[in-house]
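Just so it is clear, the structure is predicted and the values come from calculations on it, not from any experiment.
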Amino acid sequence: MRLEKAAYLSIILAFIGVVLVLAKALLIPIVLATFVWFIIREIRMILRKIKFVRQRMPRWLENLLASLFLFSLVGFMISIVSANIGLLSQKMPLYEKNINQVILLINDTFHIDLFEKIKAYSLSLELSNVFQMVLNSVTSFIGNGFIILIYVLFMLLEESGFLHKMRAIYPERENMDETLDILNSIDASVGRYLLLKTLVSFTTGLLSFIVLKLIGIDAAFFWAFLIFILNFIPFIGSLIAILFPTVFALLQFGELAPAIWVISVIGVIQLLVGNFVEPKIMGNSLNLSPLVVIIALSIWGALWGITGMVMSVPITVILLILFSRFQK
């Protein structure tokens, strides 16, 4: 009997995995829209701490102000990132000329032989592939921006009649209360995580932007934006976030000193924020062990790429809350 249940479970999980991969073009915008909706709700709750907003402002106006703030901020960041990408494209021939100079510099400094030189060159190609994958994920998010906006709009409109529809679905009060309890748990955990993670990542990106600007790195805002996005990926995100601007500093200047400054200062920022500030702010509210986070990161990364890695923790929290309600 146990073997039969295990076989059924394996078939169901395989089927779900196939659906998640094949339907990711449809599912990813919906999931992203849901997370944006969570953030808007958190911003709205912050606005409601103001006495005038809480007592005089209607719900639709609160949603409008929170949405305008969030989407204006996103639009502003996208416009600057686009300008920075244009700057990088114009200077790309200069960076390409510095590749051989950088390889020779590394060889002379660290006494690397020809084999290691070829290996280093192969590594640079692999890094470019990873860089392209991140850019594709950011471009995909921007490209889906309109449809995400439509989904968020309908989610906000559905809020007002949500309880009425719940009463229609669950005639018995006990069943409705149990469902609402699950939804409230998801709302509290995921909404708080997304808001705090956004604030922490924004702080990291802002500090990194200041450092990169002082060092003189081209398109500093773009690299800071990349650091902001990658900080949503647990564990490996912060490491990749350090790696990209460090490699770029080598290509831009053709010298080791700027790259050493970048990796040192940005590394200290990541260390302080990741090990002191973030745990202090978030505490242990998600109740996720590092092993669970790593497994979730691997699974969702394999299914949805960089986008899946960014969303791995919130999705896992939602699934754990849902599974915890099953007693048998």
Side-chain angles (χ1 to χ4, degrees), residues 77 80-81 84 88 95 98-99 101-103 105-112 116 119-135 137-138 193 196-283 290-291 293-294 297-298 301 306 309-310 312-313:
M77 293 177 69
I80 298 182
V81 166
N84 277 244
L88 290 176
Y95 306 144
N98 287 340
I99 291 178
Q101 181 180 343
V102 168
I103 293 176
L105 178 63
I106 293 175
N107 289 342
D108 293 338
T109 304
F110 299 102
H111 306 291
I112 301 175
E116 291 296 328
K119 186 177 179 180
Y121 184 70
S122 300
L123 179 60
S124 68
L125 292 177
E126 292 174 6
L127 288 174
S128 66
N129 291 335
V130 176
F131 178 60
Q132 186 62 44
M133 184 170 62
V134 175
L135 278 180
S137 298
V138 174
Y193 168 79
L196 293 179
K197 190 66 175 178
T198 300
L199 292 175
V200 170
S201 299
F202 180 80
T203 302
T204 306
L206 179 61
L207 294 175
S208 300
F209 170 75
I210 295 172
V211 170
L212 294 173
K213 201 71 177 175
L214 291 174
I215 295 174
I217 303 296
D218 290 341
F221 189 91
F222 171 74
W223 300 112
F225 177 76
L226 205 58
I227 291 171
F228 166 75
I229 295 295
L230 290 171
N231 266 271
F232 281 88
I233 301 176
F235 302 119
I236 64 171
S238 58
L239 297 177
I240 300 174
I242 298 171
L243 187 62
F244 277 126
T246 301
V247 173
F248 180 77
L250 275 173
L251 296 179
Q252 179 183 336
F253 295 100
E255 300 175 3
L256 287 176
I260 292 173
W261 274 109
V262 170
I263 195 172
S264 301
V265 182
I266 301 296
V268 169
I269 292 173
Q270 293 282 5
L271 182 67
L272 292 176
V273 173
N275 291 280
F276 296 100
V277 178
E278 187 171 340
K280 194 78 173 178
I281 294 176
M282 290 193 175
L291 178 60
V293 174
I294 292 174
L297 182 67
S298 302
I306 295 292
M309 292 182 181
V310 171
S312 61
V313 172

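The salt bridge (Lys or Arg N to Asp or Glu O under 4.0 Å) analysis of residues 220-241, with sequence neighbours excluded, yields no pairs. Within the structure, the salt bridge (Lys or Arg N to Asp or Glu O under 4.0 Å) test picks out no pair touching residues 223-238 (sequence neighbours left out). For residues 229-251, no pair satisfies salt bridge (Lys or Arg N to Asp or Glu O under 4.0 Å), with sequence neighbours left out.
With rounding to the nearest 0.5 Å, the separation of CD1 in Ile210 from CD1 in Ile215 is 12.0 Å. Taking CD1 of Ile217 as the reference point, atom CD1 of Ile266 lies at 9.0 Å (rounded to 0.5 Å).
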What side-chain donor-acceptor pairs closer than 3.5 Å can you find for residues 225-254, not counting sequence neighbours?
unit_1	atom_1	unit_2	atom_2	d
Asn231	ND2	Ile227	O	2.6
Ser238	OG	Phe235	O	3.1
Thr246	OG1	Ile242	O	2.7
Gln252	OE1	Asp218	N	2.9
Gln252	NE2	Gly216	O	3.0
Gln252	NE2	Asp218	OD1	3.3

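With sequence neighbours excluded, the residues satisfying side chain to side chain contact (heavy atoms under 4.5 Å, CB included) with Val265 are Val211, Trp261, Ile269. Scanning for side chain to side chain contact (heavy atoms under 4.5 Å, CB included) contacts around Ile80 gives Phe76, Asn84, Phe221, with sequence neighbours left out. Residues that satisfy the side chain to side chain contact (heavy atoms under 4.5 Å, CB included) test with Leu271, not counting sequence neighbours, are Asn275.
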